[in-house]
2 protein chains.
Amino acid sequence: MADRNASRMRRSTTADQIKQLILTRDLKPGDLLPTEAELCETLGVSRSSVREAMRTLATLDIVEVRYGHGTFVGGMSLDPMVEALVFRGVLSPDGSMEALREVVEVRVALDLALAELVVERTHAGEADADALRALVAEMVQRAERGESFLEADRAFHTKLFAATGNRLAEQLVGAFWDVHTAVIPLLEIPMPDDIRQTAVAHGEMLDAALAGDVEAYRRAVVAHYGPLQRSLAAEASRR
Amino acid sequence: MADRNASRMRRSTTADQIKQLILTRDLKPGDLLPTEAELCETLGVSRSSVREAMRTLATLDIVEVRYGHGTFVGGMSLDPMVEALVFRGVLSPDGSMEALREVVEVRVALDLALAELVVERTHAGEADADALRALVAEMVQRAERGESFLEADRAFHTKLFAATGNRLAEQLVGAFWDVHTAVIPLLEIPMPDDIRQTAVAHGEMLDAALAGDVEAYRRAVVAHYGPLQRSLAAEASRR
DNA sequence: ATGGATTTGTCCGTATGTATG
DNA sequence: CCATACATACGGACAAATCCA
């Protein structure tokens, strides 16, 4: 742990200075930052150092660089974590199975743990019920035609969690969904045979949330992950 | 029109090439990477580009650079997310309260959702019970003297989750703990008045887990966050 | 629509601090 | 103490992308 502190102390000063500059000037996401040349003068370092600091902040989504235009304050999303976790997932052929299992386990945990909050707020009408219904309809329709419905699936989960008012939880759900779907095709796991069951389970989740029935919601969540977890278990036993 | 498409396809980042190199050479965490000069030749780019790519990968903890020694494959921890979340929490004085509330909410959710797994594995003797007992004793002892016990607190939570065999969950718990404790001092929230209660609640969590009592464990978790959540609520109403 | 100004992307060369043997 | 290998930092130059008059 002393090692952690030591490495944190050694961290590049320039990036911290730029972060401090964002704070002192009270810049908000989307605001324009000084040019690299200006930062060189302001901070008294070379352009290379500024560029590397910018690179660091850009990978953390603290700033967003637009070629030929300028650098802006970023949205501070969880995309960096997604990238790191996806890479960890593909790092070893065996490890990817394990990594996916862990991601799914955490996804289920988050969905179940925040169920009360989701149901409460959704029941109170703080969710965009129409949009959620439309997403469910689209998923069912696509499932009938044997198509996948990745975008609708992700949108459904994030929209549902948006009602909780907990942006961190909402971003986490989206991030783990991204990791999940990025790692899946790397394994040779067949699509869950019953994609239709997955689609309708989303509808059951929504209905339960709108009705304020926490237990029904939790059952729907479990059912929703059912096909996937069976695929995972089958694949795991095959090795 | 071909020009526009071509410009969009030009996403061949040096960082991705280095990641591919790690995969194709089957390098594992701790393995030594080629030097910057070698990568320049292999990838056909300049040192600056390699350096910036390395910087990107280093901030994601995909590689770890040791000054004057070399570059190694990193541990792919969640430290980048911690840094980003902490900065987001600091971004606006009002937002930090909200950010901390969200972090605590997610922490509680994770602790409660994975309670069954933690208790099951701990009860089965897969946890380092002696080390955990020692940590609890240290926390109680320090609390008696009015001291804080940050390191022991973090170690306790991560060690407990290590028993689940879910490294992602373990890292998430540690990461949110880091965000939590990094944001706290920035607010002017007084230390929870009853740090002793927090210390003994850890002991109750451990006892319940060792005894295999999930419900008692969950009650201890809630009690453990009690002082903090009261401080948060009091601070929120004060604004 | 064309050109000029601004800004980031890439490259090169050099010098310095650090760890290893 | 020296020699080697390495990462770090600096400054200048040109290319490429974007915006605006």
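Throughout, a chain's letter reflects where its sequence line sits, starting with A, and its residues are numbered from 1. Scope of the values below: all heavy atoms of this structure, side chains included, with no hydrogens, waters or symmetry mates.
Using modelled atom types, one finds no donor on one side chain facing an acceptor on the other under 3.5 Å when comparing B:Arg121 with B:Thr164.
Pair assignment for C:dA1 gives none, since no Watson-Crick or G-U wobble pairing has each distance under 3.5 Å. Across all strands shown, D:dC1 has no partner, as no Watson-Crick or G-U wobble contact with both distances under 3.5 Å is found.
When each of C:dT10, D:dA16, D:dT8 is scored by its nearest atom to the side-chain atoms of B:Val65, the top-ranked nucleotide is D:dT8. With D:dG11, D:dA15, C:dC11 as the candidates, the nucleotide lying closest to the side chain of B:Ser46 is C:dC11. Each of D:dG11, D:dA16, C:dG17 was ranked by its minimum atom distance to the side chain of A:Ser48; first place goes to D:dG11.
A salt bridge links A:Glu98 to A:Arg101: one of the charged nitrogens lies within less than 4.0 Å of a carboxylate oxygen.
Residue A:Arg47 is classed as a base contact, given a heavy-atom separation below 4.0 Å to a base.
The residue among A:Gly44 and A:Tyr67 whose nearest nucleotide of DNA chain D is located toward the 5' end is A:Gly44.
With rounding to whole Å, B:Leu43 atom CG is found 15 Å from C:dC11 atom C1'. Straight-line distance from the CZ atom of A:Arg51 to the P atom of D:dT8: 17 Å, rounded to whole Å. A straight line from CZ of A:Arg55 to P of C:dT10 spans 6 Å, rounded to a whole angstrom. In this structure, CG of A:Leu57 is placed 14 Å from P of C:dT8, rounded to the nearest angstrom. Rounding to whole angstrom units, CZ of residue B:Arg66 and P of C:dT18 are separated by 17 Å. Rounded to whole Å, the distance from CE on A:Met54 to C1' on C:dT10 is 17 Å.
Proximity of residues 31-40 of chain A to DNA chain D (heavy atom under 4.0 angstrom from any strand atom) is not detected for any residue.
Remark: A:Lys159 engages no residue in a side chain to side chain donor-acceptor pair (under 3.5 Å) (not counting sequence neighbours). In this view, B:Glu144 and B:Arg196 satisfy the side chain to side chain donor-acceptor pair (under 3.5 Å) rule, not counting sequence neighbours. In this structure B:His224 satisfies the side chain to side chain donor-acceptor pair (under 3.5 Å) test together with B:His157, B:His202, sequence neighbours excluded. The salt bridge (charged side-chain N to carboxylate O under 4.0 Å, His left out) search around B:Glu147 returns B:Arg142, B:Arg145, not counting sequence neighbours. B:Arg107 meets the salt bridge (charged side-chain N to carboxylate O under 4.0 Å, His left out) test with no other residue; sequence neighbours excluded. For A:Glu170, there are no salt bridge (charged side-chain N to carboxylate O under 4.0 Å, His left out) partners at least two apart in sequence or on another chain.
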Please tabulate, one pair per line, each protein N/O and nucleotide N/O from nucleotides 19-21 of chain D that are separated by under 3.5 Å, including the distance.
none

Expected list for residues 30-38 of chain A: side-chain donor-acceptor pairs under 3.5 angstrom, two or more places apart:
unit_1  : atom_1 : unit_2  : atom_2 : d
A:Asp31 : OD2    : A:Lys28 : N      : 2.8
A:Thr35 : OG1    : A:Glu38 : N      : 3.2
A:Thr35 : OG1    : A:Glu38 : OE1    : 3.4
A:Glu36 : OE1    : A:Arg47 : NE     : 2.6
A:Glu36 : OE1    : A:Arg47 : NH2    : 2.9
A:Glu36 : OE2    : A:Arg51 : NH1    : 2.9
A:Glu38 : OE1    : A:Thr35 : N      : 3.0

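At least one side-chain nitrogen or oxygen of B:Thr71 sits closer than 4.0 Å to the OP1 or OP2 atom of D:dA7.
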